[in-house]
Amino acid sequence: MKTHEEWMDLALNLAEATIGQTSPNPSVGAVVVKDGELLGVGTHLKAGGPHAEVHAINQAGERAKGADVYVTLEPCSHYGKTPPCAELLVQSQVKKVYIACLDPNPKVTGNGVAILKQAGIEVEIGIREERALQINQHFFHYMNEKRPFITLKAATTLDGKTATATGDSKWITSQLAREDVHKQRHQYDAILVGRQTVEQDNPSLTTRLPQGGKSPIRIILDTHLSLDGDFHIFKPDSPTWIVCGKQADKNRFLNKYPHVKVIQLQTTKVDIADLMEILAEEKIESLYVEGGASVHQSFVQAGLFDECHWYIAPKLLGGDDARAVIGGTSPIKMAEAEQLVFQHIEQMGPDIKIIAKRKEE
Ligand SMILES: Nc1c(/N=C/[C@@H](O)[C@H](O)[C@H](O)COP(=O)(O)O)[nH]c(=O)[nH]c1=O
């Protein structure tokens, strides 16, 4: 006989399995249980498709009546592409609904619970809440802040270098750490690098894992649209968006690269805050910023990032002329440093991976 937590874990495992493929919707899992018997399981597979509860209730059929439902996010109460799940649960006459976390979207939070309670269905909220919030942190952030969740990613030597003075960086971290980077790419809607990184590394920025995975939209900062050549990012294997300033010659560029989307800002330099607003309108909920140094600096300076994912190799490169992780000019005082909080540190083969969050003011 499973405990409530174990049934919720099953629903959370289903939700976790779809992270990266449901955007712009959240990843949700649901299971239907009666007298210790599993009657139905469900997860939202793709935006526009049936929600998790619909799949689980369909599997349970008539036996859903009087059953318990474990769902990782508050059942929806609004008519989107599908009817509201809260109504479906009422019609199915389930006995009790366990909800891991409420929808933080101020427009809908609590509405689903109200519909259930009005129909006399028992509701219990908060089982495994922490894990449920973590699974959809990109979605919740986007709904609340109306901008993408931004992760700055860097791979550095122990002395904080990302390349030699000649720009060579192959490789700093091990295959295992680089594979972890691709697992992250799968979970993000878009990946961003600067023009210099394209010219130096000719990156493909696709997700290449033995088990497959979705590739994020490639976003390249190129103020003057000066990139020209058969770079990987111009291949049609993944969508590429180029961001430029108002003075760039967009038509000349599009004549040569018609399949690339150009986002032309109204300022001469690319303003990160403006770009994040545009990306939010394009429903980009999560952005993985792979660098280089000047790009990282512009996000830090703009105060626009939520997490840092640092992969540190046990190597010493040395040299004032080697590439540092974050460019630009240093603050005068150490007290002006951006304060973070270490959230997660793990050994990854010979390397370590650190996740740090911005310190809440
Ligand atoms: N040099 C390294 C990295 N380098 C990161 C970026 O500079 C590369 O251009 C980018 O990851 C290449 O993307 P790709 O072509 O799709 O593989 N990143 C890492 O984690 N470890 C490294 O040792």
Side-chain angles (χ1 to χ4, degrees), residues 20 150-222 227 229-243 260 286-300 305 307-319 321-327 344-356:
I150 301 166
T151 291
L152 305 184
K153 174 264 174 180
T156 91
T157 58
L158 187 58
D159 57 329
K161 314 292 187 187
T162 59
T164 67
T166 63
D168 183 49
S169 62
K170 300 227 172 353
W171 287 97
I172 303 164
T173 54
S174 67
Q175 178 64 27
L176 202 61
R178 295 204 309 272
E179 204 167 284
D180 189 70
V181 169
H182 284 246
K183 287 176 187 164
Q184 289 297 313
R185 288 179 178 182
H186 166 75
Q187 296 191 13
Y188 284 76
D189 290 341
I191 186 168
L192 185 147
V193 295
R195 171 186 52 77
Q196 276 181 300
T197 293
V198 174
E199 286 170 347
Q200 258 155 29
D201 298 353
N202 189 19
S204 55
L205 301 178
T206 52
T207 300
R208 302 183 304 280
L209 291 166
Q211 65 272 34
K214 171 187 69 57
S215 290
I217 292 169
R218 294 181 291 218
I219 298 180
I220 314 296
L221 302 189
D222 183 3
L227 279 171
D230 61 344
F231 293 111
H232 287 171
I233 51 143
F234 291 143
K235 287 188 175 20
D237 53 352
S238 224
T240 296
W241 301 357
I242 304 257
V243 182
V260 172
S286 52
L287 182 66
Y288 194 63
V289 181
E290 280 224 14
S294 57
V295 169
H296 277 146
Q297 200 266 344
S298 56
F299 276 83
V300 172
F305 70 96
E307 277 187 354
C308 292
H309 291 194
W310 254 227
Y311 296 83
I312 302 176
K315 293 176 180 170
L316 295 176
L317 197 57
D321 52 354
R323 301 284 159 79
V325 188
I326 297 185
H344 174 83
I345 300 175
E346 74 177 281
Q347 178 96 27
M348 205 168 265
D351 309 311
I352 56 171
K353 175 181 182 182
I354 294 178
I355 294 178

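We count ligands from 1, going down the list as the structure has it; atoms in each ligand are counted the same way.
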Closest protein heavy atom to atom 4 (N) of ligand 1, given as residue, atom name and distance to 0.1 Å
Lys153 NZ, 4.3 Å
Pair Asp237 + Arg218, salt bridge at N-O below 4.0 Å:
yes
So, Asp168 versus Thr166: side-chain donor-acceptor pair below 3.5 Å or not?
no
Any atom of ligand 1 sitting under 4.0 Å from a heavy atom of Arg185?
yes
With the threshold set at under 4.0 angstrom, would you say Lys170 reaches ligand 1 through any of its heavy atoms?
no
Atom 14 (P) of ligand 1 sits nearest the protein heavy atom Arg208 NH2, 3.5 Å
Distance under 4.0 Å to a non-hydrogen atom of Val181: what atoms of ligand 1 satisfy this?
20 (O)
Flag the pair Trp310 / Leu152 as yes when at least one side-chain heavy-atom distance between them is below 4.5 Å, and no otherwise.
yes
Tell me, do Lys170 and Asp201 make a side-chain contact under 4.5 Å, heavy atoms counted?
yes
Heavy-atom nearest neighbour in the protein, as seen from atom 15 (O) of ligand 1, with distance rounded to 0.1 Å
Ser204 N, 2.9 Å
In the structure I gave you, are the side-chain heavy atoms of His186 and Gln211 within less than 4.5 Å of one another anywhere?
no
Relative to ligand 1, is Ser169 under 4.0 angstrom through side chain, backbone, both or neither, heavy atoms considered?
both
Would you say Gln200 touches ligand 1, if touching means a heavy atom closer than 4.0 Å?
no
Side chains of Thr173 and Asp180: does their closest heavy-atom pair fall under 4.5 Å?
no
What I'd like to find out is whether the side chain of Thr207 reaches to under 4.5 Å of the side chain of Pro216, using heavy atoms alone.
yes
Applying a heavy-atom cut-off of 4.0 Å, say which part of Thr173 lies close to ligand 1: side chain, backbone, both or neither.
both
Considering the heavy atoms of Thr197, write down every atom of ligand 1 situated less than 4.0 Å from one of them.
9 (O)
With heavy atoms under 4.0 Å as the rule, classify the contact between Asp201 and ligand 1 as side chain, backbone, both or neither.
side chain
Is Glu290 touching ligand 1 with its side chain, its backbone, both, or neither, if touching means heavy atoms under 4.0 Å apart?
side chain
Rounded to the nearest 0.5 Å, what separation is found between the CZ atom of Arg208 and the OG1 atom of Thr206?
4.0 Å
Over 12 foreign heavy atoms within 6.0 Å of CD, Gln196
no
Under 3.5 Å between any N/O of Pro203 and any N/O of ligand 1: does that happen in this structure?
no
Could you list the atoms of ligand 1 found under 4.0 angstrom from a heavy atom of Ala155?
18 (N), 19 (C), 20 (O), 21 (N), 22 (C)
